[in-house]
Amino acid sequence: MSDAPAPAREVNTHCPYCSLQCGTRLRGDSPVEVTVRPTDFPVNRGRLCQKGWTAAEVLNAADRLSRPLVRGANGQLEEASWDTALDTVAAGVRRIRATHGQDAVAVFGGGGLTNEKAYLLGKFARVALRTSHIDYNGRFCMSSAAAAGNAAFGLDRGLPFPVTDLRTAQTVLLAGANVAETMPPLMPHLDRAELIVMDPRRTATAQRAALHLQPTPGTDLALALGLLHVALAEGLVDQDYVRGRTRGFDPAAQRAMAWWPERVEEISGVPASAQRRAVRMLARSRNTYVLTGRGVEQHSTGTDTVAGFINLALALGLPGRVGSGYGCLTGQGNGQGGREHGQKADQLPGYRSITDPAARAHTARVWGVPPDELPGPGRSAYELLDALGTAHGPQGLLVFGSNPAVSAPHAGHVTARLASLDLLVVADFVPSETARMADVVLPVTQWAEEEGTLTNLEGRVLRRRALLSPPPEVRSDLQVLHDLAVRLGEPGDRYPADPREVFDELRAASRGGRADYSGISYERLDAGEVLHWPCPDTQGAHPGTPRLFLDRFAHPDGRARFAEVDHRGPAEEISPAYPFYATTGRVLAHYQSGAQTRRVRQLNEAVPEPFLEIHPDSAARCGLAERGLAVVSSARGTMTARVRLDPTMRLDTVFVPFHFPGDGRANQFTHPALDPRSGMPEFKVCAVRITPGGE
Ligand code: SF4
């Protein structure tokens with residue numbers, strides 16, 4: 001069975017990019033004719049950002065992959081039949097396993113893959129390849145918030161409430177989230193709220209804020225502790241809530257008492273008066289939300305930093321109340337579902353732990369294999385990439401829906417590791433920078449050509465629907481996994497290629513897990529039901545759970561946990577040799593590694609090249625002029641960017657977007673220090689020097 005759809009002239013589906021998953025209506029008979037219109041879906045209510053409006057152009061990309069490619073004896077990628085390409089992959093996998101063992105073949109997935117693809121990829125890795133080495137680029141996105149959320153609430157769902165609840169907000173703290181650029185249709189939901197934005201840059205979101213806190217990069221946790229200190233010192237803690245719904249307050253409060261605002265000001269540069277004002281605004285409004293984003297999460301202290309903001313939210317009595325709350329704004333299209341169904345190194349479907357014997361037994365039963373045949377936890381994403389081709393690391397890698405040559409930290413090193421592999425296989429729909437390095441490239445379907453489900457930032461499960469048939473020689477990722485598994489000696493019916501069949505198996509695998517999808521079906525979704533997980537398969541259709549934690553948190557005793565956290569600085573401090581903090585991020589026109597958006601004319605014209613945002617005085621010190629080229633160097637690598645002078649930048653900080661390849665790769669200089677609990681790399685701060693570049 002294939003998931004190739006019957007063509008339709010019009011279809012309701014969702015944007016292929018970020019986790020807001022705006023509702024869209026597609027129309028057209030062929031890739032060139034497809035038009036995208038917003039629907040009145042609750043998260044976007046008739047709006048789209050530039051990326052959503054132009055998404056159809058990628059269907060018609062000039063270099064769309066339309067045939068399998070295999071690297072020939074001449075070193076070039078050459079067109080091949082599917083049989084040749086798949087046989088080459090299977091032979092390579094068998095050869096590597098025979099020489100180096102089962103763990104020598106690894107899998108790298110993506111947070112944009114549908115739930116069905118993420119699920120089948122995890123099963124394929126654990127059962128067909130028997131490797132423990134599977135992780136995905138969502139590790140670079142959400143893992144710190146997931147670790148902190150699980151510890152605090154016993155459950156990790158980006159927003160534990162619908163986006164539309166934000167419309168009643170009076171005050172919202174956005175900590176490290178630039179939603180005006182990354183998710184513009186979210187902004188109208190915040191229209192009535194006073195915003196407190198915490199960001200080292202004066203972003204488009206910060207410009208809309210009533211209060212902008214502009215900390216030194218790497219000091220977010222000190223600031224979170226300072227805010228909690230103010231709440232304690234000014235008697236703004238919700239004592240009844242803390243007593244009735246939480247545990248661990250006293251040790252967390254003791255830590256915060258050491259972080260008085262003036263001390264925090266010294267470290268972070270945020271005035272003590274602004275810290276006090278922020279906490280008073282949060283505590284005195286009736287409907288208050290604390291939301292975190294990548295800015296505070298992508299650090300080697302990311303889990304503790306998010307925990308610091310959750311501590312603040314708990315002290316103010318926000319989580320688990322209608323009209324208030326804490327949430328994390330997930331990033332990638334299926335950032336939420338992608339981490340629930342088994343492509344993460346330590347997880348099995350349903351958000352189960354791979355080290356839990358009961359979870360292993362349940363999953364093995366669904367998969368029809370003995371539990372002790374399931375591998376244990378593997379390496380986190382960067383650790384996996386760092387080990388490629390080394391004496392004890394994987395010698396083969398299969399990549400689905402990811403472009404780590406651009407998106408991984410310390411990208412020059414990761415590229416060298418990819419180049420050292422015996423076998424690199426990439427399944428993609430465009431020749432990404434990673435695909436160009438591959439031994440075998442498998443052309444797969446993209447969003448408007450496939451059926452499936454995704455889970456958006458509020459835990460709502462959504463249907464992706466096909467408008468077009470894929471090009472004739474293009475297969476779905478599910479079909480590819482089926483075909484490869486059969487070549488590796490697995491029974492074909494263990495790897496269904498029909499997304500509905502895969503989803504039904506996913507439902508069974510998730511039954512009883514933390515992310516329970518067993519009560520969700522294509523039929524219910526297609527009938528227009530609004531279903532947020534957990535949605536167990538109960539007698540009488542379960543209505544899903546739009547709001548979590550209203551009565552109890554997910555720990556066995558029903559109480560949330562404060563975390564005992566303390567500030568540590570970044571992995572790398574500035575020095576005379578590297579005198580600036582560099583921070584990286586997204587721009588409105590581009591998405592992730594840019595593999596898709598750099599192929600859209602309008603988006604490419606809007607931001608055609610990487611830029612360096614720098615204060616004019618700092619630029620003068622470095623001998624830079626507006627629109628000239630600058631070379632940004634860290635102890636790890638160098639990139640080149642066009643200078644943009646911005647008087648709102650901190651004097652000690654520069655910003656570079658991370659969407660560009662080659663000499664413009666911001667991840668050439670980023671630091672691979674990892675958060676010890678989440679495995680999140682330190683994308684958001686490192687030390688660099690800036691010198692003028694040639695023209
Ligand atoms: Fe797509 Fe996100 Fe833009 Fe909505 S905000 S149109 S989901 S990229």
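Ligands are counted one by one from 1 in listed order, and the atoms in each one are counted from 1 as well. These numbers come from a predicted model, not from an experiment.
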_Short of 2.8 Å from atom 1 (Fe) of ligand 1, name each protein N/O/S atom, waters not counted._
C15 SG
*What do you reckon, are the aromatic ring centroids of F140 and Y382 less than 6.0 Å apart?*
no
*May I ask you to check whether F153 and F549 place their ring centres under 6.0 Å from each other?*
yes
_Pairs where residues 38-57 contributes a residue and the test side chain to side chain donor-acceptor pair (under 3.5 Å) is met, not counting sequence neighbours_ = none
_Cation over ring face, R514 and Y351, 6.0 Å, 45°_ = yes
_By the definition side chain to side chain contact (heavy atoms under 4.5 Å, CB included), identify the one residue from T288, L195, L211 that meets it with M281._
L211
*Salt-bridge criterion met for E33 and R27 (N-O under 4.0 Å)*: no
